[in-house]
Amino acid sequence: MNLAQKRIAVTGGSGFLGKHVVRKLEEYGCRSVFVPRSACYDLRKGQDIVQMLNDCAPDIIIHLAAVVGGIGANQKNPGKFFYDNLIMGTQLIEQSRLFQVEKFVAIGTICSYPKHTPAPFQESELWNGYPEETNAPYGLAKKMMLVQSHAYREQYGFNSIYLLPVNLYGPGDYFDLETSHVIPAIIRKCVDAMERGQESITLWGTGTVTREFIYVEDAAEAIVKATALYSGPDPVNIGTGREITISGLAALIQSLTGYNGTIVWDADKPDGQPRRLLDVGRAKQAFGFEAATDLASGLERTIEWYREQRFKGKLS
């Protein structure tokens, strides 16, 4: 599919991942990219979705918009995270079908995998158990787009693909400690502690669980490649195929920021899923994607961006 000739709507296109996806589409020669803003279109409301589709008449929709946060945010907002994500995805796919959108790119979440999925996670394991409890409402809501995609493909011939990005990080991430994910949270705590002369920082959990991370620009490249080249029914993991313990991640960020204090682990706080490591073979085979950025290099760029924004007064 030649994306340069298509009208593309990117929900969540002004967000962390969305900005990189829009930039990548422009690199691919796309001249008609529409980013619906929440102030104009509340994608939880059917009439706003209809208005958005009338306004931009997209050939392709890349659905990145999500209500999401770290473990703490998931614990505080399970109902909101379930409803908002479920209703957005369900109504967008239905209205896209009715408007005869050529292709719908649904962005799922690694949180949809069962809590005790054998590592590396293969896409065939998605239905073999219940997700980790703190992320389950969000993960299950996003996974319903896969069910809907399969059902609509079978009944209506609707072309909807489903991608599963692993944990993202990079410049432009969110560093609010109430809602941020683990990498921006640790970066901020280390930088803040250095500025304040703190001898220690406290991190949630035991540090023994593992996670896989993908640099946001690599994830954007994968999404755009899949949009252009993949039209299959099977879900596809988007990641690096490399994992690290949270304690190892903290030590790496500590070294890269130059923070020499002590890390204290609050074991009363939840760890989340025991392991996260993806089998990324399907993405390579289906549309030739392999992540290009190693974790240390990506973290260096992220830390540099965060410090620049702090220096400019753009982050508190």
Sequence neighbours excluded, the answer for ring-ring contact (aromatic ring centres under 6.0 Å, His included) partners of Tyr83 is none

The reported gap from CG in Leu164 to CD1 in Ile110 (rounded to nearest 0.5 angstrom) is 6.0 Å

Practice item. Indicate the ring-plane relationship of Tyr138 and Phe81, choosing parallel, tilted or perpendicular according to the 30° and 60° boundaries. Key: perpendicular

Residue set satisfying side-chain contact (heavy atoms from CB on, under 4.5 Å) with Pro118, at least two apart, ordered chain then number -> Glu125

Decide yes or no for Thr257 and Ile186: does some side-chain heavy atom of the first lie under 4.5 Å from some side-chain heavy atom of the second? no

With sequence neighbours left out, the residues meeting ring-ring contact (aromatic ring centres under 6.0 Å, His included) with Tyr169 are Tyr215

In this structure, CG of Asp294 is separated from CD of Glu300 (nearest 0.5 Å) by 8.0 Å

CG (Leu256) and CD1 (Ile187) are apart, to the nearest 0.5 Å, by 8.5 Å

message = Does Glu290 have more than 12 heavy atoms from other residues, nucleotides or ligands lying within 6.0 Å of its CD?
response = no

Is it the case that the side chain of Tyr174 and the backbone of Phe16 share a donor-acceptor pair, with hydrogens and angles ignored and the cut-off at 3.5 Å? yes

Rounded to the nearest 0.5 angstrom, the CD-OG1 distance for Gln148 and Thr90 is 5.0 Å

Residues pairing under salt bridge (Lys or Arg N to Asp or Glu O under 4.0 Å) where one sits in residues 246-274, two or more places apart or in two chains, turn out to be Asp266-Lys269

> Is there side-chain contact between Thr302 and Pro171, with at least one heavy-atom pair below 4.5 Å?
Replying inline: yes

Exercise. Under 4.0 Å between a Lys/Arg side-chain N and an Asp/Glu carboxylate O for Glu26 and Arg23?
Worked result: no

Residues at least two apart in sequence or cross-chain that pass side-chain contact (heavy atoms from CB on, under 4.5 Å) with Ala226, listed by chain then number, are Ile161, Leu163, Tyr230, Phe287

Side-chain (Lys143) to main-chain (Gly108) donor-acceptor, under 3.5 angstrom:
no

Closest non-hydrogen contact found for Arg188 with Asp176 is NH1-CA, 4.0 Å

Look at Arg97 together with Glu94 and state whether they make a salt bridge at an N to O cut-off of under 4.0 Å. yes

Aromatic ring pairing Tyr41/Phe34, orientation class (parallel under 30°, perpendicular over 60°, tilted between):
perpendicular

Looking at side-chain heavy atoms only, is the closest gap between Asp234 and Glu123 below 4.5 Å? no

His116 meets the side-chain contact (heavy atoms from CB on, under 4.5 Å) criterion, sequence neighbours left out, with Pro274

Applying salt bridge (Lys or Arg N to Asp or Glu O under 4.0 Å) to Glu133 and not counting sequence neighbours gives Lys115

Is Arg310 salt-bridged to Asp192, cutoff N-O under 4.0 Å?
-> yes

The salt bridge (Lys or Arg N to Asp or Glu O under 4.0 Å) partners of Lys19 (sequence neighbours excluded) come to none

field: Gln285 atom CD, neighbour heavy-atom count above 12 within 6.0 Å
entry: no

Hits for ring-ring contact (aromatic ring centres under 6.0 Å, His included) against Tyr113, two or more places apart or cross-chain, chain-then-number order -> Phe121

Sorted by chain and residue number, the salt bridge (Lys or Arg N to Asp or Glu O under 4.0 Å) partners of Arg275 (sequence neighbours excluded) come out as Glu243

Between the CG atom in Asn237 and the NZ atom in Lys284, the distance rounded to the nearest 0.5 Å is 15.0 Å

dist Ile60:CD1 -> Met1:CE (nearest 0.5 Å) comes out at 4.5 Å

By side-chain contact (heavy atoms from CB on, under 4.5 Å), Phe82 pairs with (sequence neighbours left out) Leu86, Pro137, Ala141

- prompt: Charged N to carboxylate O below 4.0 Å: is that the case for Glu212 and Arg276?
  reply: no

For Lys103, the salt bridge (Lys or Arg N to Asp or Glu O under 4.0 Å) test, sequence neighbours excluded, returns none

Passes salt bridge (Lys or Arg N to Asp or Glu O under 4.0 Å), Glu304 versus Arg307? Steps please.
-> CA-CA 5 Å; Glu304 181 182 7; Arg307 283 180 158 150; over 6 Å; no

| message | Quick one, Asn54 and Phe99 - any side-chain contact, counting heavy atoms below 4.5 Å? | response | yes

